[in-house]
Amino acid sequence: MNYNFGEIEKRWQQYWIDHQTYKVSEDSAKPKFYVLDMFPYPSGAGLHVGHPLGYIASDIISRFKRQQGFNVLHPMGFDAYGLPAEQYAIQTGQHPAITTQSNITRYREQLDKIGFSYDWSREVRTCDPAYYKWTQWAFIRMFNSYYCKQADQARPIAELTEVFSQQGTSGLNLACSEPITFTAEEWNSKSEKEQQEMLMNYRIAYLGDTMVNWCPQLGTVLANDEVSEGLSVRGGYPVEQKKMRQWCLRVSAYAQRLLDGLDKLEWSESLKETQRNWIGRSEGAVMRFSTSQEISFEIFTTRADTIFGVTFMVLAPESELVKQLVTAEQLEAVQNYIDKTKKKTERERIADKSVTGVFSGSYAHHPFTGELLPIWISDYVLAGYGTGAIMAVPAHDSRDYAFARYFNLPIIPLIDGCDVSEESFDAKVGIMVNSGFMNGLTVREAIPAAIEEVEKRGLGYRKINFRLRDAIFSRQRYWGEPFPVYYKEGMPYTLNEEELPLELPEVDKFLPTETGEPPLGRAKNWQTSEGYPLELSTMPGFAGSSAYYLRYMDPHNSDVLVSEDANSYWRDVDLYIGGTEHATGHLIYSRFWNKFLFDLGVSCEEEPFKKLVNQGMIQGRSNFVYRIKGTNKFVSLNLRDQYDVTPIHVDVSIVHNDLLDMDAFRNWSPEYRTAEFVLEEGRYVCGWAVEKMSKSMYNVVNPDDIVENYGADTLRLYEMFLGPLEQSKPWDTNGIDGVHRFLRKIWNLFFKEGMLAVSEDEPTKEELKTLHKLIRKVTYDIEHFSFNTSVSAFMICANELTSLQCRKRTVLSDLTVCLAPFAPHIAEELWSQLGNTSTVCDAQWPQWNEAYLKEDSFPYAISFNGKSRYILDFPADATKEEIEKAVLEHPNSQKWIDGNSVKKVIIVPKKIVNIVL
RNA sequence: GCUCGGAUGGUGGAAUGGUAGACACGCAAGACUUAAAAUCUUGUGACCAUAACGGUUGUGCGGGUUCAAGUCCCGCUCCGAGUACCA
């Protein structure tokens, strides 16, 4: 009987389906374990070999935990809303639902071939109305909530209107867009519409006029995490700043909790750091500056200690203050400057590092010295951060320094001995000078002292600022969740929860309307039953992925997002595996969303993902042939220097171990039909390079092909064997034979000349040692996500058992159980061949026995005067005297002792044995 | 600029401060074969040496701690990732 992986894998996959092997339900008798993959967006290209990497790792953990007696929840679904399907729809007219469905079908086929232990009965799709009902439901709840900073949680907005009518805003500390105060009388005298407008200031989901990232090519706004270096992440189109009225989520209200929560999570330090930077907490002070005009304005600074070094002020061009502070003489120059900066896209503004700015004509008064400080306008100050205005301290801030140098403004150094002739001194160290009451203090002491003084004099107050902005939640697109919102007299109202889901309507075209409205403007009867118009934007991609892990707990419940029973059993995700690219997007939004649901009492854990592992990216490994210029002749890699050649990408599927299949190459493209080759040693060797996996580089490897040629078990093992899970690495099919060979070796331990040849004899001590070494190593490795070394451990074990000719049932049985998480198909087959009637996934994970692992001998390190060292083996129970004697009699030691005046010999196993001569 | 990673043979990569290079690929030699493929066996960091034993050196560079450093500490170089006028 040969290892016929194709037949075995197909048969067992069918068995698992027929027996619903991986279906799980709540079981209070067992501890739970929730293993989650980041669900994929089903793109048209299908899966390449890099996608399953994380899925294989999570599947190994799932199967392992199940064998250890856990009740494992391991679901999968699809993040089905997204731009590519819609872009494709615009080009072809094909409805995105159809494209998405066929892509999902293809993904599912590809995933099924790899033998994952998903409970597919729990599948969710974000575009399914039964699913997005709960996305819309959460939105309604956010709309109907405000954030109370005293209680530090979200609360129903009805509570707030009650309080407003009794005491106005007095005594309240609320997260809001604009800080405003009013009395109960003022509130009560407002009209319904005016009250609604004021409530917008506090809702967690609110409609706000904000500067947004507008992408003209995509025809939609984008969130900050969807923009990178001024270009859209999807598509790479330029993005510009534009003021628009948009739905927003008050994520910023949760900034501190999002920051604090990180400490308790088992995430990689680098990912936590990325989130900390994104949240961007900075402690400082707000200071008020009066001006030569009627008004005064506030700035934010983290360096209050540098107040005596302020020589000018700067406003962001978009700041409201500009209008108020510009003088008549400067009006034209300022207007020109603002027009110029407005024309720049975000990208140009970032790329252009040259110093620009214009004087407003006004002056601010220095709060301590009363000196006049010119107020400038420059785009190096951002409208969106702090107050959109700064105090400039050129001596101690490099940007202020560059500006001061360019416009010839004074620079006052404040730290003893610092040299600001060439550059600013930004470091927060040194002794203060030229600083009035702070003179003689260190910078560390001066910062709090300055804030204290500012507060005492009533010039400002301590303030913590966050970089984290509210999430912009509207997209002017078709293929997304519709908002459960309608408009009455221009004010938004949400639908009742009973009216959900509000299904995505059909449209004739997926483009904006002639009047520039989003595609939903084309939908017929897009209004409530009372005839009020419905919202035309749809929700962004991250909406549907923000709470999907909760839905998996109870995916078919039509009454609630997740029942209390299901939620209190599954609680949170014990292990989440996915890519780092979601660090500042999905992983922030999800945490925010979950915290909101936690405040509502829907989710019983405040953090959704306890442990998170980022699998590395699998890059492509391209192959090249070298064409001699102007010919159809190709020269092998190591001879190419002798010719003038052009490297050409060649499809990796016709290259094996970097050797070109020349016939296949001639058939690959008509262009190469007549290709000739210059060979080395009769072979054509291709060059290679690590590049992104993409069609144009001909380096995409499809997992289906690997499964076809080597089997799913080989693919699974090989992906793990490639290197550490978290490391990015190129895919290189070259080494796969070794892994495949290992599986055949395992197979051959069971079968001899086509027959099962398993012995019932008791295993020997040596055989037990080999087995238990494996169990210990693999158990440890799985718990530490070191799958590459566990595959090695299996290979060593197989080699040892082969050379021991070990065919003992007890040994092979445990070996099979250990192998099951990695290579489930072959393990099932061997397990059933051993006569078991249950599946190997329900077999108990074996425990190793230390007694079998005891070493007979132990290596001792012997060093002479700390200058040389030998390692000698001694029996584990050797006494100090025996070791001493043996060391001194050892020829190497004698040689060493004779030629050198040795005073001290040290023998070190775990404990040090000193021999003093 | 800042933050976080990383640097070990021809290649991918192993090494709780304790025999560096496990395991695998590749390569070489051998066995089987008419031959090739497949399979199996042996060898494989570099240098020196040998009939054989063996020796020297070696984990990006320079220091340090230690009986002992790829691993810990200090200072560099290079590479990768993220982030960026965040005051």
Side-chain angles (χ1 to χ4, degrees), chain A residues 228-229 268-278 280-282 284-285 299-304 306 314 316 349-350 352-353 355 378-382 384-393 396-400 402-403 426 465-469 580-581 583-584 614 616-617 621 657-659 688 717-718 721-724 726-739 741-742 744-745 748 777 780 786 788-799 802-803 858-873 904-910 912-914:
Chain A
S228 177
E229 296 184 347
S268 74
E269 223 21 72
S270 72
L271 184 61
K272 287 201 236 181
E273 201 55 31
T274 304
Q275 289 214 340
R276 286 191 192 108
N277 290 341
W278 190 259
R281 179 190 152 108
S282 56
I299 59 97
F300 174 76
T301 181
T302 54
R303 292 294 301 273
T306 60
V314 190
R349 186 166 156 169
I350 291 165
D352 186 7
K353 301 258 178 192
V355 179
S378 173
D379 65 3
Y380 85 87
V381 173
L382 302 175
Y385 186 76
T387 60
I390 62 153
M391 64 178 209
V393 186
H396 302 290
D397 182 283
S398 54
R399 294 151 303 176
D400 297 344
F403 195 84
D426 293 12
N465 229 337
F466 291 95
R467 199 184 83 109
L468 185 70
R469 258 8 100 63
T580 6
E581 66 271 22
T584 55
N614 292 118
M617 288 252 287
R621 187 182 189 276
N657 288 340
D658 290 338
L659 299 180
W688 62 273
L717 281 167
Y718 188 57
F721 185 67
L722 221 44
E726 305 196 38
Q727 190 176 305
S728 286
K729 56 231 162 206
W731 176 268
D732 179 359
T733 311
N734 283 348
I736 201 166
D737 291 317
V739 171
R741 220 167 278 157
F742 152 74
R744 280 219 297 271
K745 209 172 263 181
N748 289 332
K777 174 79 176 147
Y780 180 88
S786 179
N788 55 330
T789 52
S790 34
V791 177
S792 294
F794 278 114
M795 290 176 174
I796 294 167
C797 180
N799 287 340
T802 304
S803 63
F858 199 88
Y860 285 73
I862 295 113
S863 89
F864 299 86
N865 281 358
K867 285 201 176 160
S868 183
R869 189 184 63 199
Y870 301 106
I871 304 291
L872 300 177
D873 280 348
K904 195 167 73 171
V905 180
I906 292 174
I907 302 170
V908 189
K910 279 280 192 278
I912 295 177
V913 180
N914 270 308

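Please read all numbers here as calculations on a predicted model, not as lab measurements. Here is the naming used below: chain letters follow the sequence lines, and residue numbers restart at 1 for every chain.
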TODO: With the side chain counted from C-beta on, respond yes when A:Asn465 and A:Arg281 share a heavy-atom pair under 4.5 Å apart, and no when they do not.
DONE: no

Task: Side chain proximity check, A:Thr802 to A:Asn748, heavy atoms < 4.5 angstrom - done: no

What's [X] touching, base or sugar-phosphate or nothing? Going by heavy atoms closer than 4.0 Å.
| X | answer |
| --- | --- |
| A:Ser270 | sugar-phosphate |
| A:Leu722 | sugar-phosphate |
| A:Pro724 | sugar-phosphate |

Task: Distance, nearest 0.5 Å, that separates CG of A:Asn788 from OG of A:Ser786 - done: 4.5 Å

Among [options], which nucleotide sits nearest the side chain of [X]?
| X | options | result |
| --- | --- | --- |
| A:Val381 | B:A14, B:U83, B:A87 | B:A87 |
| A:Arg744 | B:G13, B:U39, B:C85 | B:U39 |
| A:Thr301 | B:A84, B:G13, B:A87 | B:A87 |
| A:Ser282 | B:G13, B:A87, B:G82 | B:A87 |

Atom-to-atom span, [atom1] of [X] to [atom2] of [N] - whole angstrom:
| X | N | atom1 | atom2 | answer |
| --- | --- | --- | --- | --- |
| A:Asn614 | B:C4 | CG | C1' | 12 Å |
| A:Glu273 | B:G82 | CD | P | 16 Å |
| A:Phe721 | B:A24 | CZ | P | 7 Å |
| A:Asp397 | B:G1 | CG | P | 17 Å |
| A:Trp731 | B:G13 | CH2 | P | 14 Å |
| A:Glu581 | B:A81 | CD | P | 14 Å |
| A:Met391 | B:C85 | CE | P | 21 Å |
| A:Tyr718 | B:C25 | OH | C1' | 7 Å |

Task: Closest-nucleotide 5' rank along RNA chain B - winner of A:Asn788 and A:Thr584 - done: A:Asn788

Open item on the list: Go nucleotide by nucleotide along RNA chain B from the 5' end; which of A:Ile796 and A:Glu269 gets its closest nucleotide reached first?
Closed with: A:Glu269

TODO: Applying side-chain contact (heavy atoms from CB on, under 4.5 Å), run through A:Ile390 and A:Thr301 and close with a yes or a no.
DONE: CA-CA 7 Å; A:Ile390 62 153; A:Thr301 181; over 6 Å; no

Residues in ring-ring contact (aromatic ring centres under 6.0 Å, His included) contact with [X], at least two apart in sequence or another chain:
| X | value |
| --- | --- |
| A:Phe794 | A:Phe822 |
| A:Phe403 | A:Phe312, A:Trp376, A:Tyr380, A:Phe407 |
| A:Tyr718 | A:Trp731 |

Task: Check: A:Asp397 side chain, A:Asp400 main-chain N or O, donor-acceptor pair, under 3.5 Å - done: yes

Task: Structure string for RNA chain B in dot-bracket form, Watson-Crick and G-U at under 3.5 Å, | interchain - done: (((((((..(((.....[....)))((((((.......))))))((((.....))))..(((((..]....))))))))))))....

Under 3.5 Å, which protein N or O atoms sit close to an N or O of nucleotides 26-30 of chain B? Give each pair with its distance.
residue : atom : partner  : partner atom : Å
B:G26   : OP1  : A:Asn657 : ND2          : 3.1

Open item on the list: Please give the distance between the P atoms of B:U66 and B:C76 as a whole number of Å.
Closed with: 23 Å

Open item on the list: Assess, by modelled atom type and distance only, whether the side chains of A:Tyr385 and A:Ser282 contain a donor and an acceptor separated by less than 3.5 Å.
Closed with: yes

Task: Syn/anti label of B:G5 as read from its glycosidic torsion, with the cut at 90° from 0 - done: anti

TODO: Go through the structure and list residues passing side chain to side chain contact (heavy atoms under 4.5 Å, CB included) with A:Asn734, not counting sequence neighbours.
DONE: A:Arg621, A:Asn657, A:Asp658, A:Asp732

